[in-house]
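Reviewing the structure listed below.
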Amino acid sequence: MEENKDILKTDQPEYVLEIKDLSIRYDTDDAKVYAVNGIDLKLKKQTTLGLVGETGAGKTTTVLSLLKLVPDPPGVITGGEILVNGNDVMQLSKKELSAMRGKEIAMIFQDPMTSLNPVMTVGDQIAESIMIHENVGKEEAFKMAQKMLETVGISGERAVEYPHQFSGGMKQRVDIAIALACHPSILIADEPTTALDVTIQAQVLKLMKDLKDQFQTSMIMITHDLGIVARTCDEVAVMYAGRIVEEGTLEEIFKKTMHPYTEGLFNSLPNMKDRNSKLKPIKGLISDPTVDYQYCAFADRCPYATEKCWQEVPAKRYFSETHMVMCSAYDDPEFHIARGHENG
Amino acid sequence: MAENILEVENLVKYFKSPRGTVHAVDGVSFTIEKGKTLGIVGESGCGKSTTGRSILRLIEPTSGTVRFEGKDILQYSSAQMRKMRKDMQIIFQDPYSSLNPRMTVSQIIMEPIIRNRLIRDKKKREERVLELMETVGLAERLYNAYPHELDGGRRQRVGIARALAVEPKFIVCDEPVSALDVSIQAQILNLLKELQAKLGLTYIFITHNLSVVYYFADDIAVMYLGKLVEKAPAQELFAHPVHPYTQALLSAIPEPDIDSQREMIMLKGEITSPINLPDACRFAKRCNYCCEDCTKKDPELREISPNHFVSCFHPLD
């Protein structure tokens with residue numbers, strides 16, 4: 001194990017993570033599923049990026065690929081590059097990958113009921129990842145695990161208990177303790193509070209935010225909930241059918257929304273200021289992921305679609321250094337969506 | 001004076017378990033006016049689904065009375081109850097497990113029509129199914145499709161069509177949109193609202209999603225560990241929550257608004273076990289305002305202003 005520790009490059013580039021033109025496909029017996037279709041993404045040090053989208057948008061596949069965890073077969077990375085702290089993930093050996101997992105990038109999963117090992121005490125589960133990455137013995141690692149438990153608000157004495165002895169919120173805290181045990185530079189949280197009640201969700205989100213600052217970690221928060229994005233993220237990328245259709249700072253996405261799909265997501269939410277305003281759902285259904293869209297996948301559901309939208313994949317257009325939108329409607333300089341222009 | 005279609009009084013449902021009695025629903029009372037929606041909100045294990053199912057007697061309540069259109073249906077025989085269910089329907093949370101995978105869409109929707117002997121003529125029955133499919137926005141080509149061929153939103157539409165098939169007056173919607181994506185969620189919520197306006201339906205809308213219930217319900221009841229802790233018209237409840245639990249619950253909603261100045265109220269700990277409860281306020285252990293009397297007696301639900309009920313010794317302003 002020992003030589004595992006320092007084989008990764010450590011010179012720190014500006015971005016802890018860079019994804020360039022990444023495409024991932026699942027080749028199943030029935031069909032080819034185009035999960036991720038050429039996305040670019042950069043994660044700055046100590047920022048939280050929200051990856052937003054609905055079922056099947058490709059959010060989880062994208063982050064699994066960062067750890068080379070996309071099941072293969074059926075998953076095939078068909079193109080692109082992933083740089084984690086300057087290391088090209090595709091080129092890493094098995095050994096280098098396992099040095100990276102948990103140490104450089106750690107992950108918190110949606111369902112703490114299934115992501116923990118039911119026949120191993122929570123203390124041992126935290127200690128396990130510490131022992132893989134740090135040069136410590138079993139006893140020392142267990143002590144560090146207890147300290148980690150205290151950090152996430154669970155008494156260190158409970159390290160000898162099994163997952164079933166913890167409630168859902170507590171299990172998620174254990175998951176967070178495992179993820180942060182080796183002080184990763186990137187923390188990926190895949191819908192971390194979806195399975196939790198709203199008051200517990202509030203506790204867990206606050207804990208994650210505090211620890212992220214304390215450990216100086218960068219974070220990718222996968223969620224479908226724009227409320228959680230508003231509370232936790234600095235930057236936002238909106239995914240639809242395997243593409244990032246809009247990306248920008250929190251302020252840009254919420255206040256200067258540009259993409260019709262992002263607008264549709266906002267309009268689908270009940271307005272807390274005006275109960276009587278009607279919900280404006282996005283028409284139609286989520287796009288078919290077995291189609292290799294050589295045009296805008298959202299065109300069929302888009303209220304602003306013009307002929308052009310069915311002819312080509314929209315180009316990336318930057319409205320500021322940070323604000324990117326993939327929508328052909330903006331070829332017309334006069335074009336704007338209704339959101340933000342309701343009163344004129 | 002509007003008439004109450006449903007009156008629930010002191011509804012109790014206990015379950016026996018090896019570790020003691022589970023107080024799932026513990027003396028819940030409320031009324032619903034015809035054509036209105038009562039939202040029941042609360043976290044996992046608060047008894048909201050058990051309440052909904054006990055009213056329909058899908059779970060047999062331990063005690064209490066449920067009057068539907070003035071008739072005490074808890075006294076009904078199972079034969080009488082079967083007839084009654086024509087008027088009282090339910091839509092379930094998970095459209096993946098609530099539809100029979102071996103039946104086609106049309107068979108699923110037709111089943112209650114046949115069971116209740118509503119339409120004897122086969123041709124007319126098929127027409128009725130098509131009409132129902134149109135009402136809920138299902139394409140005719142899905143008539144012979146099986147549930148596994150449909151996505152979540154469409155399955156939920158099948159569930160709604162099946163509930164509507166017997167022309168009910170009252171529907172319990174048990175987390176009908178929780179399993180759906182937001183863009184589809186909004187479609188289903190709009191559909192349920194349109195149907196209510198068109199058919200004069202009365203709903204109980206059970207959910208843990210507070211922003212959905214605010215949009216959807218006329219009155220909202222908040223449950224905690226088997227008890228109603230607060231009930232008020234939606235606007236009133238959101239503007240002036242007086243129970244400490246309601247306040248914390250509302251403050252915890254993540255609002256999709258980056259300018260929101262709302263302070264999150266953090267609660268201590270997690271929901272406690274509903275087994276063998278002491279005679280004390282059930283929220284006392286997590287309450288930021290707990291006093292001595294809260295640990296000695298369980299507060300009764302009382303009306304503090306017209307239509308605003310709360311069970312707390314020290315309601316907040």
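Within every chain, numbering begins at 1; the chains are lettered A, B, ... in the order of the sequence lines, protein sequences first and strands thereafter. Keep in mind it's a predicted model, so treat the numbers as computed, not measured.
Looking at B/N209, neither its backbone nor its side chain comes within 4.5 Å of chain A, counting heavy atoms on both sides. Within the 4.5 angstrom heavy-atom criterion, no atom of B/Q185 approaches chain A. Neither the backbone nor the side chain of B/S260 has a heavy atom closer than 4.5 Å to any heavy atom of chain A. Interface remark: B/A239 contributes no atoms to any contact with chain A (heavy atom separation under 4.5 Å). Of the atoms belonging to A/L269, it is side-chain heavy atoms, and not backbone ones, that fall under 4.5 Å from chain B.
Residues B/I258 and A/A230 approach most closely at CG2-CB, 3.9 Å, considering heavy atoms. Nearest approach of B/Y215 to A/P270, heavy atoms of both residues: CB-CB, 3.6 Å. Nearest approach of A/S268 to B/S183, heavy atoms of both residues: OG-CA, 3.6 Å. When every heavy atom of B/D181 is checked against every heavy atom of A/E54, the shortest pair comes out as CB-OE2, 3.1 Å.
Looking only at heavy-atom pairs under 4.5 Å with chain B, the residue among A/I228, A/L226, A/I282, A/D225 that has the most is A/I282. For the options A/N271, A/L285, A/V229, A/L250, heavy-atom pairs under 4.5 Å to chain B are most numerous at A/L285.
Listed for the B/N190 side chain is a donor-acceptor partner under 3.5 Å among the backbone atoms of A/L279. With hydrogens and angles ignored, the 3.5 Å screen pairs no side-chain donor or acceptor of A/Q201 with any backbone N or O of B/I253. Using modelled atom types, no side-chain atom of A/D197 and backbone atom of B/E43 make a donor-acceptor pair closer than 3.5 Å. When atom types are taken as modelled, the side chain of A/Q203 and the backbone of B/M266 share no donor-acceptor pair closer than 3.5 angstrom.
Side chains of B/E255 and A/R231 form no contact here, defined as non-hydrogen atoms less than 4.5 Å apart.
Other residues, nucleotides and ligands contribute at most 12 non-hydrogen atoms within 6.0 Å of the CD atom of B/E140. Open room surrounds NZ on B/K36; 12 or fewer heavy atoms of other groups in view lie less than 6.0 Å from it. Environment of CD in B/E134: sparse, with no more than 12 heavy atoms of neighbouring residues, nucleotides or ligands closer than 6.0 Å. Other residues, nucleotides and ligands contribute only 12 or fewer heavy atoms inside 6.0 Å of the CD atom of A/E157. More than 12 heavy atoms of other residues, nucleotides or ligands sit less than 6.0 Å from atom NZ of B/K193.
Note that CD of B/Q187 and NZ of A/K283 are 11.5 Å apart. Values are rounded to the nearest 0.5 Å. The CD1 atom of A/I200 lies 7.5 Å from the CG atom of B/L267; values are rounded to the nearest 0.5 Å. Interatomic distance, B/L180 CG to A/H224 NE2, rounded to the nearest 0.5 Å: 10.5 Å.
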- request: Verify side chain to side chain contact (heavy atoms under 4.5 Å, CB included) between A/T199 and B/R286, making sure each step is shown before the conclusion.
  value: CA-CA 11 Å; A/T199 61; B/R286 294 179 77 194; 3.3 Å; yes
